[in-house]
Amino acid sequence: MKRQTIFEKSRHGQRAYSLPKSDHAFDNYSPPPEYLRQDALPLPEMSELDLTRHFSELEKLNMGIDTHFYPLGSCTMKLNPRVNEWAAALSGFTRTHPLAPDETVQGNLQLINDLLEFLCETCGMSGGSVVTNAGAHGEFAGVQMIAAYHRSRGDTERTEILIPDSAHGTNPATAQMAGFETVTVKTDERGDVDIEHLRSLLSHRTAGLMLTNPNTLGLFSPQILDISTAVHKAGGLLYYDGANLNAIMNIARPGDMGFDVMHLNLHKTFSTPHGGGGPGSGPILCAKRLCPFLPVPRVQRTDNGDFKRIWRHEQSIGMMSSFQGTFAIYLRAFLYAKLHGQAGLRRVAEMAVLNANYLKKALSQLFTVPYTQHCMHEFVVQADNYLAEGGIRALDIAKRLLDYGIHAPTIYFPLIVKECMLIEPTETESKQTLDHFIEVMRSIVEEIKRDPEFIKQAPHTLPIHRIDEVSAAKRPVLSCCGSS
Ligand SMILES: *Cc1c(COP(=O)(O)O)cnc(C)c1O
């Protein structure tokens, strides 16, 4: 059946609401005619019931964490606990105006203060800010703080940021947007930073190193202290991409590893929803010597125990967003952190690592495993061993998984692994779900052997079949037309 768009379903004169006429003069006010649009806007018109069905049907076409296993590596698609939603809906929070005077919003300000204290303790940092609304946004603030630090010392020749070739794409993008040249550090055969290559790149031009540990291959670097010592000796700073803290919470702290500034993705590790590009929350944390450069507004405890916002600070990199970030998101993260406590977060980390290693071991019978040591919260396997079977690629396997009601893992990232699948189960999945995933992967491998062409045309059961990925990415055409 052809699915109709909301425009095709529209019938002139239908309305999704009807309200009695208001008695208040203000509600019946009409703006002066010169401000009114002459032509009617071509908006769809529908009854409330048809509208509700339209969006409920669309919702069912989607794959989400609430409906499907979602092992999308580096994205930490864990349960979003419903108790978080209860807290975020409390009217004391939802009805606050961002410009309300400080003395009327003491609870909100204390929440920001207590959340940052909790995160600083978890990460071994001294101060922070919640104003940044995504991981990449936090990176941008943090790298600007590195620039401001060097500038404040008159150290103006530091124009380079070093970034490993396994890094998330946002790292080089951030460094370039902040005006730095990016220099790529090679990964060694164990999946770690090639420390000799790193040493050869360090100089008086090094502003800093951006690093993820565990990295995007799911591996923790045992040489992290040698790395941080080398960068500091050269006068550079260390930026920690803490998007994925899931493996190390309350086990290892970025501050103790020698990192100077970092961000966290609360919409990954701290269980708040990810959605269609936002809203998220990517707080930044830093060591003491970088605190003066944190963005504004900042929340400060006064001598009498009250809280106030500081809107200006001489050395600050300035404002990164309007007001103080996505309050309702980090409120959810605060509740998650408090309900678990530091000990509970350690258990989260342990279970995330256990689940990942369980899957890695089982899938190593089906795929090439480029790095054989224990993994952290995620791991990579390669589908290159099926290239010979009718040219089956990681993409084909990812598409076939959708037919089985499983969201695809991250594919072709990190870029340094051929036919890569980056798999992250998270701690909230049961052993039954993991076993089901392993069974499905086994079935797909059987199917590849029997009929590779069938796999190449997957998905077969979804409303949209195989699409041309390159055109979809490079020539997006926004259209109102439904698919067949
Ligand atoms: C997700 C992720 C980011 C970017 O976070 P956004 O919130 O999507 O901007 C950066 N680095 C790593 C390692 C990530 O996994």
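Numbering of residues begins at 1 and proceeds along the displayed sequence. In each ligand, atom 1 is the first atom listed, and ligand 1 is the first ligand listed.
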Provide, to 0.1 Å, the distance between atom 9 (O) of ligand 1 and the closest protein heavy atom, together with that atom's residue and name. A136 N, 2.8 Å
Heteroatom distance test (H263, ligand 1): nitrogen or oxygen, under 3.5 angstrom: no
Please list the nearest protein heavy atom to atom 5 (O) of ligand 1 with its residue and the distance rounded to 0.1 Å. N265 ND2, 3.0 Å
Specify the protein heavy atom at minimum distance from atom 11 (N) of ligand 1: its residue, its atom name, and the distance to 0.1 Å. D241 OD2, 2.6 Å
For atom 4 (C) of ligand 1, what is the nearest protein heavy atom, given as residue, atom name and distance? H168 CE1, 3.8 Å
Run the contact test for H274 against ligand 1 with a 4.0 Å cut-off on heavy atoms, strictly below, and give the result. no
Quick one: does H137 get a heavy atom under 4.0 Å from ligand 1? no
Can you sort out which atoms of ligand 1 are near N244, meaning under 4.0 Å from one of its heavy atoms? 13 (C), 15 (O)
Check step by step if ring pair (Phe, Tyr, Trp, His ring centres under 6.0 Å) holds for H168 and F413. CA-CA 8 Å; H168 196 271; F413 172 78; 5.6 Å; yes
Give the residue, atom name and distance (to 0.1 Å) of the protein heavy atom nearest atom 14 (C) of ligand 1. K268 NZ, 2.9 Å
Options A167, A173, G135, G73, ranked by nearest heavy atom to atom 6 (P) of ligand 1, top entry: G135
Give the atom numbers and elements of ligand 1 that come within less than 4.0 Å of a heavy atom of H267. 7 (O)
So, applying side chain to side chain contact (heavy atoms under 4.5 Å, CB included) with M421, which one of I397, L395, V380, L363 is it? I397
Contacting atoms of ligand 1, where contact means under 4.0 angstrom from a heavy atom of A134: 7 (O), 9 (O)
Side chains of R190 and Y371: do they bring a donor and an acceptor to under 3.5 Å? no
More than 12 heavy atoms of other residues, nucleotides or ligands under 6.0 Å from NE2 of H374: is that the case? no
Do other residues, nucleotides or ligands put more than 12 heavy atoms under 6.0 Å from the CE atom of M319? yes
Check whether any side-chain N or O of D188 sits under 3.5 Å from a backbone N or O of G191 as a donor-acceptor pair, and report yes or no. yes
Report yes or no: do N108 and T96 form a side-chain donor-acceptor pair below 3.5 Å? yes
Would one find an N or O of T212, backbone or side chain, under 3.5 Å from an N or O of ligand 1? no
Below 3.5 Å, N or O to N or O, backbone or side chain included: is there any such pair between T216 and ligand 1? no
Counting only N and O atoms by type, is there a donor-acceptor contact under 3.5 Å from the side chain of H340 to the main-chain atoms of Y336? yes
Whether the K78 and Y70 side chains hold a donor-acceptor pair (N or O, under 3.5 Å, no angle test) is what I'd like checked. no
